[in-house]
**Q** 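Provided herewith is a single structure, encoded as structure tokens, for subsequent inquiry.
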Amino acid sequence: MNRRTIGLRISGAVLGALLAGCVHAPPVQPQLALGRTNCDATPVLADAVPILFDSKNGKPMDAWLGDPGRCVQTADAVGDFYASFALPRGGLAYTLQIGALPKDFRLLAPEVRLLNDRGEITRSFTVEQFLFRGNQLSILVRPYPEETTMVVLSDHRIVGQSLSRIQEGITVSSYNVISRSGTHTFTSKYGYDAVTETTFSFAGDLRIMALPPA
Amino acid sequence: MPRTFARAAYFALVLLLPACSTPPHTEIPFDRNAASGIKTIGVATPSFPPGPSAVLASSAADYSGGGLIGGFAYMVAAGMQSDRETALAKLLKDQNFDAKAEFTRSLAAALQSRGYQTVAVTPARQSPELFVGGDAFKDQPAADAYLDVVVVRYGYLASGLGDSRPYRPMIHLSCRLISKDLKAIIMFDSVLVNPLDTPDDAVQIAPLPEYTFVDTPSLSAEPPRTVAGIKQAIDQSTDTIAKLLK
């Protein structure tokens, strides 16, 4: 291998790396089929992930619903992904915010169930009760003292349904101009008006936050 | 200049709340199970701004760096906004459209569609932009709970100039439900129909695509459609309030 060949190979590698940096990853698509068969008969609660509560500040806890996580059988034999969470104990007063986070075209189809310590469902919340807060399709709920566990599921009944939303906003940028009299900071704002399209998915990102009471 | 009008409106309201009785600083979700006895809601006459807004969110004033030029640009933009709002207010008046009355009607209809009975109540409001203090409901017609709404802004909003950033209808508000004994706030939230850069804790409702106007002359050219757009935004907001009480 002569020096010229080595040079070409290095150039090719550098060019490849540069091109790889330019190529954008394809947008994330919704998962429209569960793709699993060995699902639990009922949600397993024993390994529920504890939700931490800070009485002064709500701290978000991000989670993922989807492979390789658990799934549960449903009466209509479709199945849903799910994750179990242990609610804060000790008679604390707090509000839970549970939100599905969009990622490109994907948005988790959310369903939330609260259970008591016998594993019985006390309340459940479906997408009709969710609203967008910021970028999250979320619900606020105040658990009762007897509610100790939360199960978040993908709701297969709405998977595949689309959501189209118009969003307006402003991007702000600032820059400095140096003149004889000193440095001047200028700020510019640019408005945007865009339509975001998402589709409810079996898998997706989830954000949970235990908020201090008012 | 505030970063965005939506945020300014929202946080201004939150900052004003301490002047009211027992102000919440976090949203309070309604618990239908715990409040199953609520059949009749007393709906207070809503607080409404004196006129509509016609907001152009990025304009000449937003390219300012202070000094004489920046100050002049700000004054020009403020004057233009005032002109737009005067024209929109005149249009609504000429169309005999009373946004406050329309909102009141729409809110009662939305609550009734969710199974509630409603009764109009008219407690004295200490300040036009604040919630009614609990005591002010004492002499009002009996109800199982009292709903109070403070509308911060309504009208039209464009994020910028040009066909791709048209004026769309908007309404931004906060609402709360007070218990029958007037001792507890049993729901508190903010609803922003067509906001800019929504805060994470306010409910964001996207505008529907039907009503867009490329500029303010387009608004003026179609008065009935301009009114219909605001009506639609009002209906979206009241439907959301009713949903929060589901």
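Residue numbers start from 1 in every chain, and the chains themselves are labelled A, B, ... in the order their sequence lines are given, proteins ahead of strands. All values below come from the heavy atoms of this structure, side chains included, with hydrogens, waters and symmetry mates left out. Note that the coordinates shown come from a computational prediction; the quantities given were computed from them, not determined experimentally.
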**Q** Does the distance from a Lys or Arg side-chain N to an Asp or Glu carboxylate O, for B/D189 and A/R133, drop under 4.0 Å?
**A**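 Between A/R133 and B/D189 there is a salt bridge, with a charged N closer than 4.0 Å to a carboxylate O.
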**Q** In this structure, are over 12 heavy atoms from other groups packed under 6.0 Å from A/Y192 atom OH?
**A**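 Buried by this count: over 12 neighbours within 6.0 Å.
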**Q** Taking all non-hydrogen atoms of both residues into account, name the closest pair between A/L140 and B/P29 and its distance.
**A**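 Result for this residue pair: O-CB, 3.4 Å.
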**Q** If you measure from CG on A/D193 to CG on B/L196, what distance do you get to the nearest 0.5 Å?
**A**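 Between A/D193 CG and B/L196 CG, I get 9.5 Å after rounding to 0.5 Å.
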**Q** Are the side chain of B/R165 and the backbone of A/G191 linked by a donor-acceptor contact shorter than 3.5 Å?
**A**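 Yes.
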**Q** Search all heavy atoms of A/I170 against all heavy atoms of B/S159 and return the closest pair with its distance.
**A**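 Reported closest heavy-atom pair: CD1-O, 3.6 Å.
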**Q** In terms of heavy-atom pairs under 4.5 Å with chain A, which of B/P209, B/A158, B/P207 leads?
**A**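 Highest number of heavy-atom pairs under 4.5 Å: B/P207.
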**Q** Quick check on A/E128 against chain B: is it the side chain, the backbone, both or neither that has a heavy atom closer than 4.5 Å?
**A**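 Both backbone and side chain of A/E128 come within 4.5 Å of chain B.
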**Q** With the side chain counted from C-beta on, respond yes when B/K243 and A/Q129 share a heavy-atom pair under 4.5 Å apart, and no when they do not.
**A**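 Heavy-atom side-chain distance check fails, nothing below 4.5 Å.
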**Q** Measuring from atom CD of A/Q97 to atom CG of B/D200, what distance do you get when rounded to the nearest 0.5 angstrom?
**A**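 A/Q97 atom CD to B/D200 atom CG measures 7.5 Å (nearest 0.5 Å).
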**Q** Measure distances from B/L244 to the heavy atoms of chain A and classify the residue's part below 4.5 Å as side chain, backbone, both or neither.
**A**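 Side chain only.
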**Q** Check the pair B/M170 / A/E168 against side chain to side chain contact (heavy atoms under 4.5 Å, CB included), numbers first and verdict last.
**A** CA-CA 11 Å; B/M170 57 104 169; A/E168 297 199 65; over 6 Å; no
**Q** Looking only at non-hydrogen atoms, find the nearest pair between B/N33 and A/R123 and report the distance.
**A**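 It is ND2-CD, 3.3 Å.
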**Q** What part of A/Q136 gets within 4.5 angstrom of chain B, counting heavy atoms only: side chain, backbone, both, or neither?
**A**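 Contact with chain B is absent: no heavy atom of A/Q136 under 4.5 Å.
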**Q** Answer whether the closest heavy-atom distance between the side chains of A/T95 and B/E27 falls below 4.5 Å.
**A**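 When only atoms from C-beta onward are counted, B/E27 and A/T95 do not touch, as no gap falls below 4.5 Å.
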**Q** Taking the six-membered ring of B/F30 as reference, does the NZ or CZ atom of A/R142 fall below 6.0 Å from its centre and within a 45° cone about the axis?
**A**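 Not satisfied by the 6.0 Å and 45° rule.
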**Q** Measure distances from A/I166 to the heavy atoms of chain B and classify the residue's part below 4.5 Å as side chain, backbone, both or neither.
**A**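 Looking at A/I166, backbone and side chain both touch chain B.
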